[in-house]
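See structure below.
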Amino acid sequence: MTTTVEAGKPQVSAGGEPAPRSRPGRRSHRVGLPYLLLLPALILELLVHLVPMVIGVLMSLKELTQFSIRDWGAAPWSGLDNYRVSVDFDAPVGQALLRSFLVTVGFTLLSVGLCWLIGTAAAIFMQDAFRGRGLLRALFLVPYALPVYAAAITWVFMFQHDNGLVNHVLHDQLHLTDKPSFWLIGDNSFYALLTVSVWKGWPFAFLIVMAGLQNIPRELYEAAALDGAGVWQQIRRITLPSLAPVNQVLVLVLFLWTFNDFNTPFVLFGRAAPEAADLISVHIYQASFVTWNFGAGSAMSVLLLLFLLAVTGVYLALTTRGRRPSRAR
């Protein structure tokens with residue numbers, strides 16, 4: 001039997017009683033419950049990130065040195081003087097900061113590029129099944145799984161001048177150098193830092209790209225092979241375009257991690273890094289905790305934050321412009 005419900009009249013159940021209606025308050029409660037559950041995490045996130053950020057901005061506006069650090073809240077205000085000193089590239093402080101910034105930019109571009117290249121090549125190589133692939137995957141992820149301090153300290157011993165493994169292989173075994181090189185001082189410190197950064201960073205790129213390759217249908221490669229496309233053409237026409245969204249996030253994360261890297265140079269070189277490996281994170285640390293000028297160090301940190309926010313915004317705008325879906329007319 002078919003029953004019709006007229007507009008404006010309550011529905012009647014089989015027993016002749018009005019059917020229960022959903023209450024508006026219950027629905028709003030269900031909608032607000034997820035936000036309520038996220039509230040503790042949001043509050044904790046604000047306390048961990050936002051509060052130190054605000055304190056850092058306040059410290060950059062004060063004349064905060066070793067003489068006023070005990071009661072930093074009562075330190076005299078300096079306004080934007082710390083920022084003027086930091087960006088005055090004709091003065092020693094500004095020149096040192098600019099040199100450190102350029103070193104960091106060059107180091108970051110090389111490290112991110114090599115990490116992406118090695119990780120992508122390894123992921124493509126591991127795409128096809130073969131005997132021992134699982135073991136090789138596990139070995140590839142060892143540098144990423146090791147603690148940073150343990151890995152960097154191991155490289156410190158390997159870069160030793162007299163009894164290090166690097167000089168032993170390059171000089172004693174392969175005879176590529178005339179004499180053992182100093183890797184932790186001088187210009188070679190840049191290449192030592194780059195080597196360690198790439199060694200511990202490329203497995204992350206390998207892991208992300210390998211996960212992205214799982215979403216590419218195998219039928220595309222089979223159809224391309226039937227059409228006569230070679231391996232390089234398949235990589236160029238299928239693999240790289242399909243990995244574009246993954247690479248967008250991967251490159252951005254690698255850039256931010258590498259540009260802000262402090263642990264690797266600090267463990268390799270200590271508190272005073274050579275000029276060739278003077279990354280901006282270590283430079284800010286030296287300006288704050290070695291010279292005890294916390295106001296200038298905080299100003300440099302704020303400038304670094306603004307730079308990274310600007311680069312991130314421009315990068316996301318450029319990479320998402322061509323992939324925005326067109327609106328249906």
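Every heavy atom of this structure was used, including side-chain atoms; hydrogens, water molecules and symmetry mates were not.
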Plane angle bin for Phe130 and Phe125 - parallel if under 30°, tilted between 30 and 60°, otherwise perpendicular:
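Rings of Phe125 and Phe130: tilted, 30 to 60°.
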
Indicate the ring-plane relationship of Tyr144 and Phe204, choosing parallel, tilted or perpendicular according to the 30° and 60° boundaries.
tilted

Taking side chain as C-beta onward, heavy atoms only, is [X] less than 4.5 Å from [Y]?
X	Y	answer
Phe159	Phe182	no
Trp183	Met158	no
Leu176	Val169	no
Val196	Val267	no
Arg218	Gln127	yes
Tyr83	Met300	no
Gln248	Leu316	yes
Asn167	Thr177	no

Leu250 vs Leu243, side chain to side chain contact (heavy atoms under 4.5 Å, CB included): CA-CA, chis, key distance, verdict
CA-CA 10 Å; Leu250 173 61; Leu243 290 176; over 6 Å; no

Around [X], counting heavy atoms of other residues, nucleotides and ligands shown, do more than 12 lie under 6.0 Å from its [atom1]?
X	atom1	value
Trp232	CH2	no
Arg133	CZ	yes
Asn263	CG	yes
Tyr191	OH	no
Gln95	CD	yes
Asp227	CG	yes

Donor-acceptor pair, side chain of [X] and main chain of [Y], under 3.5 angstrom:
X	Y	value
Ser189	Gly186	yes
Asp278	Pro274	no
Asn82	Ser60	yes
Ser197	Leu193	no
Ser100	His283	no
Gln233	Gly230	yes
Gln286	Arg271	yes
Asp88	Arg84	no

Go through the side-chain N and O atoms of Asp261 and Thr264 and say whether any donor and acceptor fall under 3.5 Å apart.
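Checked: Asp261/Thr264 side chains pair up, N/O donor to acceptor below 3.5 Å.
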
If you take all heavy atoms of [X] and [Y], which pair is closest and at what distance?
X	Y	value
Ser298	Met59	OG-CB, 3.5 Å
Pro143	Pro203	CB-CG, 3.9 Å
Gly201	Leu254	O-CD2, 4.4 Å
Ile216	Tyr221	CG2-CE1, 3.6 Å
Ser86	Leu303	CB-CD1, 4.0 Å

If we check ring pair (Phe, Tyr, Trp, His ring centres under 6.0 Å) with Trp155, which of these qualifies: Phe269, Tyr149, Trp199?
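Going through the options one by one, the only one that passes is Trp199.
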
Return the set of residues passing ring pair (Phe, Tyr, Trp, His ring centres under 6.0 Å) with Phe307 (not counting sequence neighbours), or none when no residue passes.
Phe101, Phe259

Is [Y] reachable from [X] through a run of hydrophobic residues whose side-chain heavy atoms are each under 4.5 Å from the next?
X	Y	value
Leu50	Leu38	no
Val251	Leu308	yes
Phe190	Leu102	no
Met210	Leu139	no
Trp202	Leu114	yes

To the nearest 0.5 angstrom, please state how far the [atom1] atom of [X] sits from the [atom2] atom of [Y].
X	Y	atom1	atom2	result
Gln173	Leu170	CD	CG	10.5 Å
Ile284	Leu279	CD1	CG	10.5 Å
His161	Asn188	NE2	CG	10.5 Å
Leu42	Leu37	CG	CG	12.5 Å
Ile280	Asn260	CD1	CG	9.0 Å
Leu58	Met53	CG	CE	12.5 Å

Show your working on side chain to side chain contact (heavy atoms under 4.5 Å, CB included) between Leu305 and Ser301 and close with a plain yes or no.
CA-CA 6 Å; Leu305 174 63; Ser301 300; over 6 Å; no

Derivation and outcome, ring-ring contact (aromatic ring centres under 6.0 Å, His included), residues Phe294 and Trp292:
CA-CA 6 Å; Phe294 293 96; Trp292 293 90; 5.7 Å; yes

Begin from the C-alpha positions of Ile208 and Val253 and carry the test side chain to side chain contact (heavy atoms under 4.5 Å, CB included) through to its verdict.
CA-CA 11 Å; Ile208 299 301; Val253 172; over 6 Å; no

Evaluate Phe206 against Leu141 for side chain to side chain contact (heavy atoms under 4.5 Å, CB included), listing each step before the verdict.
CA-CA 8 Å; Phe206 162 73; Leu141 296 177; 4.0 Å; yes

Tyr315 and its side chain to side chain contact (heavy atoms under 4.5 Å, CB included) partner, picked from Thr319, Thr312, Leu318:
Thr319

